[in-house]
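This report concerns only the one structure given below.
Quick caveat, the model's predicted, so the values are computed rather than measured. Sequential numbering from 1 along the given sequence is applied to the chain's residues. Values below: every heavy atom of this structure, side chains too, minus hydrogens, waters and symmetry copies.
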Amino acid sequence: AVKRDLKIARYQESDKEKYRQKRLNEILKTAGSQREKIREPLTEMIRAWDVWQPFHKEARVIGGLDTGEVLKEKQPRIPVLIVEGKSKGNSYSVSPEILNYLPLGKMIVLDDCGKLLNMEQPERFNQAVFDFIHSVSHP
């Protein structure tokens, strides 16, 4: 969390437009064939960023490195869906370690997607989420 706070402070003093452009390019680099379709809405979204978006304190920062250990120990029986995108520029783990500790966890990979699956392939993404929710609510 301290490291993240330092990054946030540096960001606040930096050339934010340059940072936003860099992130836009990095995200688009991972995209699938819908890259140009998402360019404009993604650009608008990134231009509206405040400090939270580029450097939020996600669970692994707040919870610390022991979060994985807690999952290993407790192995909570809660439904979890991991949705990953598969494209030339986007790498992902075929079998993420976290699924070893989530007995009801499931992973779905959407082809021709980068990191913004819901923007690149909204229909397929929404269907995957809907199917998962339906499967756990109507076993």
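One finds the CG atom of L24 at 9.0 Å from the CE atom of M45 (value rounded to the nearest 0.5 Å). Here the CZ atom belonging to R47 is positioned 7.5 Å from the CD atom belonging to Q21, to the nearest 0.5 angstrom. Here the OG1-CG distance, from T30 to N25, works out to 11.5 Å after rounding to the nearest 0.5 Å. Separation of atoms NZ (K86) and CG (D112) is listed at 11.0 Å; rounding is to 0.5 Å. The distance from atom CG of N90 to atom CD of E84, rounded to the nearest 0.5 Å, is 7.0 Å. Distance check: K115 NZ to K29 NZ gives 11.0 Å after rounding to the nearest 0.5 Å.
No path of Ile, Leu, Val, Met, Phe, Trp and Tyr side chains, each step under 4.5 Å between heavy atoms, connects Y92 with L116, placing them in separate hydrophobic clusters. When hydrophobic clusters are built by joining Ile, Leu, Val, Met, Phe, Trp and Tyr residues whose side-chain heavy atoms come closer than 4.5 Å, directly or via intermediates, V83 is not grouped with L99. Residues I82 and I78 fall within the same hydrophobic cluster, defined by Ile, Leu, Val, Met, Phe, Trp and Tyr side chains chained together at heavy-atom separations under 4.5 Å. Linking ILVMFWY residues whenever their side-chain heavy atoms come closer than 4.5 Å, directly or via other members, places I108 and I133 in the same cluster.
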Go through the steps for I46 and I27 under the test side chain to side chain contact (heavy atoms under 4.5 Å, CB included), then give the verdict. CA-CA 11 Å; I46 289 175; I27 293 168; 4.1 Å; yes

Mind running side chain to side chain contact (heavy atoms under 4.5 Å, CB included) on V109 and V94 for me, showing each step along the way? CA-CA 9 Å; V109 177; V94 174; over 6 Å; no

Assess the residue pair K72 and E97 against the criterion (side chain to side chain contact (heavy atoms under 4.5 Å, CB included)); give the C-alpha distance rounded to whole Å, side-chain angles, the decisive distance to 0.1 Å, and a yes or no. CA-CA 10 Å; K72 286 179 190 177; E97 183 180 0; 3.9 Å; yes

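Within a 6.0 Å radius of CD in E40, no more than 12 heavy atoms belonging to other residues, nucleotides or ligands are found.
A donor-acceptor contact shorter than 3.5 Å links the side chain of E120 to the backbone of G114. Side chain of K7 to backbone of K3: no donor-acceptor contact under 3.5 angstrom is found.
A 4.5 Å side-chain heavy-atom check between N100 and L71 finds every atom pair outside the cut-off. Side-chain contact between R124 and D111 is present, with heavy atoms from C-beta onward closer than 4.5 Å. Side-chain contact between F125 and P122: absent, with no pair of heavy atoms (C-beta onward) separated by less than 4.5 Å.
By the 30° and 60° cut-offs, the orientation of the rings of Y19 relative to W49 is tilted.
By the 4.0 Å N-to-carboxylate-O rule, R39 lies close enough to E36 to be salt-bridged with it. Under the 4.0 Å criterion applied to side-chain N and carboxylate O atoms, R23 and E26 are assigned as salt-bridge partners.
When N118, L117, L81 are each tested for a side-chain contact (heavy atoms from CB on, under 4.5 Å) with V129, only one passes: L81.
When all heavy atoms of L102 and P76 are compared, the closest pair comes out as CD2-CG, 3.9 Å. When all heavy atoms are compared, the tightest approach of S93 to M107 is O-CE, 3.0 Å.
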